[in-house]
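See below for the structure under consideration.
From a predicted model like this one, the values you see are computed outputs, not experimental measurements. Every heavy atom of this structure was used, including side-chain atoms; hydrogens, water molecules and symmetry mates were not. Throughout, residue positions are numbered sequentially from 1 according to the sequence presented.
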Amino acid sequence: MKKFILGSLLTAFVFVLCTAALADTGFQLQPGQKKALREAGREYEDLLTMAEDGDAAVVLARSGDTAQWTILEKNGEDTWRVAVTNDTIPLSVITSASLSIWDSDMRRFLLEIEKYIPSASYGGQPIIQAYRSIELTRTAEGDWLLCGACDVPFEENAEGYCPYHLLRLTKDGWLYRFFEEIMDENGWAIDRSEEIQRKTVSMEEMMPYTELSALDYPAFLSFLHAQAPTEYEHAPVATMPPLPTTPPANLPAGDAPEYVYYNTNGGKYYHADSCCPSVDPMYWPLSPVSFEKINSDKVYSRLLPCSVCGAPERTQMDAE
């Protein structure tokens, strides 16, 4: 029974968190970016992922047993320079990775990493072993710093409960929050629990991990896990209504809506309901975006239709 629950938990999480990596294959370096990487001795032939926002680009590439992390900054029309490097993420923790622009106004990038159990699947889907994310930002002074992180290590699952670590830099300092990934009565992972612990982490404690060029990622993960409470009550199993098999009554099949909704904080899906039950209520209401843009604008091409609230599919022509 435990193996069934674990398999269900992990498989469901694949659907929720891992679809973006499958679509993130169209990245291509500019000649000036390749030149800067080559002159700095950085890898760029075997890219895992990359993201670009105006005069900054973040690149993750394979290099032996390591994922080389390089940040480029533009200093001319097609001239780039290597601003920051980090070689501490082991390739052994990565099956797939995706980079996205988290907040263009604040110049924030989000790196998401998924690790699957090799040669293991459940219901034809790969079983995820861990989900991790790293959020970074460039300060007004030009420094690239860590500003957020998440770690959901499914390999530490015990009887259907999995720790969920979340760390973020707020206006009041570093805030650590601990949750659990929880299941419904059928054994499917649906969302994180209510907050189990909240605590501040001092700037002094974070100092070894804040500057990206000095970040030792395995040591940071150990530090992150050490913030979790030693004793706590497990989150309650949630009771969820059955998933709809047809679009909701207010959205007739085949009738394209004027607006759909999505979570601007790293959401992977677009929704017919601004308060979709598949999304953590802390993000309600979701942000509206015209369905025309979902169909035609490449910015939203990574978003998938949510089956929970019956979001409409893109047209076949636009999907192609």
Side-chain angles (χ1 to χ4, degrees), residues 20 24 27-45 47-63 66-90 94 97-113 132-151 166-176 200-221 223-224 264-266 299:
D24 194 12
F27 38 79
Q28 185 173 359
L29 289 166
Q30 299 178 25
Q33 294 169 339
K34 289 183 179 180
K35 182 174 185 292
L37 290 165
R38 185 170 55 248
E39 290 178 349
R42 308 296 290 173
E43 292 291 338
Y44 62 89
E45 294 291 348
L47 288 184
L48 285 162
T49 183
M50 72 166 290
E52 183 179 336
D53 181 24
D55 61 352
V58 182
V59 177
L60 193 72
R62 295 180 181 89
S63 178
T66 302
Q68 276 194 356
W69 198 356
T70 308
I71 297 179
L72 297 160
E73 293 180 349
K74 197 171 187 178
N75 58 3
E77 186 172 343
D78 190 30
T79 307
W80 295 75
R81 69 179 187 89
V82 171
V84 180
T85 63
N86 186 288
D87 298 344
T88 65
I89 302 179
I94 303 176
S98 63
L99 268 162
S100 58
I101 300 167
W102 183 261
D103 185 334
S104 58
D105 293 333
M106 296 292 292
R107 186 53 57 79
R108 291 187 176 184
F109 287 85
L110 177 69
L111 171 64
E112 296 176 279
I113 298 170
R132 298 182 172 101
S133 69
I134 309 168
E135 189 178 347
L136 58 143
T137 187
R138 186 170 69 179
T139 67
E141 292 74 27
D143 299 320
W144 286 93
L145 304 176
L146 179 79
C147 61
C150 176
D151 184 28
L166 188 60
L167 180 68
R168 177 147 303 162
L169 180 61
T170 71
K171 61 182 179 62
D172 299 318
W174 285 96
L175 177 65
Y176 170 81
T200 58
V201 180
S202 70
M203 291 294 186
E204 290 74 19
E205 290 177 285
M206 283 299 300
M207 192 171 295
Y209 313 108
T210 303
E211 188 177 345
L212 191 61
S213 60
L215 174 66
D216 182 329
Y217 189 61
F220 172 67
L221 283 182
F223 170 79
L224 187 62
T264 58
N265 292 313
V299 172

- Task: For V84 and T70, run side chain to side chain contact (heavy atoms under 4.5 Å, CB included): C-alpha distance rounded to whole Å, both residues' side-chain angles, the deciding distance at 0.1 Å, then the answer.
- Result: CA-CA 6 Å; V84 180; T70 308; over 6 Å; no

Calculate, to the nearest 0.5 Å, the distance between atoms [atom1] and [atom2] belonging to [X] and [Y] respectively.
| X | Y | atom1 | atom2 | result |
| --- | --- | --- | --- | --- |
| L167 | L224 | CG | CG | 6.0 Å |
| Q68 | D87 | CD | CG | 4.5 Å |
| E135 | L146 | CD | CG | 8.5 Å |
| M203 | T210 | CE | OG1 | 7.5 Å |
| I113 | C150 | CD1 | SG | 11.5 Å |
| L136 | L145 | CG | CG | 9.0 Å |

Answer yes or no: is there a side-chain heavy-atom contact under 4.5 Å between [X] and [Y]?
| X | Y | result |
| --- | --- | --- |
| L72 | V82 | yes |
| M50 | V59 | yes |
| L111 | W69 | yes |
| L169 | T137 | no |

- Output yes when a side-chain donor or acceptor of T79 lies under 3.5 Å from a complementary backbone atom of N75, and no otherwise.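 No, the answer is negative, given that no donor and acceptor are paired below the 3.5 Å cut-off.
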
- Message: Closer than 3.5 angstrom, by distance alone: can the side chain of E43 be matched with the main-chain N or O of S63 as a donor-acceptor pair?
- Response: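 No; judged by distance alone, with no hydrogens or angles, the pair does not exist.
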
- Take I134 and Y217 through the side chain to side chain contact (heavy atoms under 4.5 Å, CB included) test and state the conclusion after the steps. CA-CA 10 Å; I134 309 168; Y217 189 61; 3.4 Å; yes

- Which atoms form the tightest heavy-atom contact between I94 and A97, and what is the distance?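 It is CG2-CB, 4.2 Å.
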
- Which heavy atom in A51 sits nearest to a heavy atom in S100, and how many Å separate them?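 Looking at all heavy atoms of both residues, the shortest contact is CB-N, 4.3 Å.
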
- Side-chain donor-acceptor pair present, T88, N86, cut-off under 3.5 Å: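 Checked: T88/N86 side chains pair up, N/O donor to acceptor below 3.5 Å.
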
Quiz: residues 32-41 side-chain donor-acceptor pairs under 3.5 angstrom, not counting sequence neighbours:
unit_1 : atom_1 : unit_2 : atom_2 : d
Q33    : OE1    : Q30    : N      : 2.9
Q33    : NE2    : E52    : OE1    : 3.2
K35    : NZ     : E39    : OE2    : 2.6
R38    : NH1    : Y44    : OH     : 3.0

- Query: Salt bridge between D53 and R108, side-chain N to carboxylate O under 4.0 Å?
  - Reply: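 Salt bridge flag = no for R108 with D53.
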
- Task: Answer yes or no: is there an ion pair linking R138 with D55, defined by an N-O contact shorter than 4.0 Å?
- Result: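 Salt bridge flag = yes for D55 with R138.
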
- Partners passing side chain to side chain donor-acceptor pair (under 3.5 Å) against Y209 (at least two apart in sequence or in another chain):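 For Y209 there are no side chain to side chain donor-acceptor pair (under 3.5 Å) partners, ignoring immediate neighbours.
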
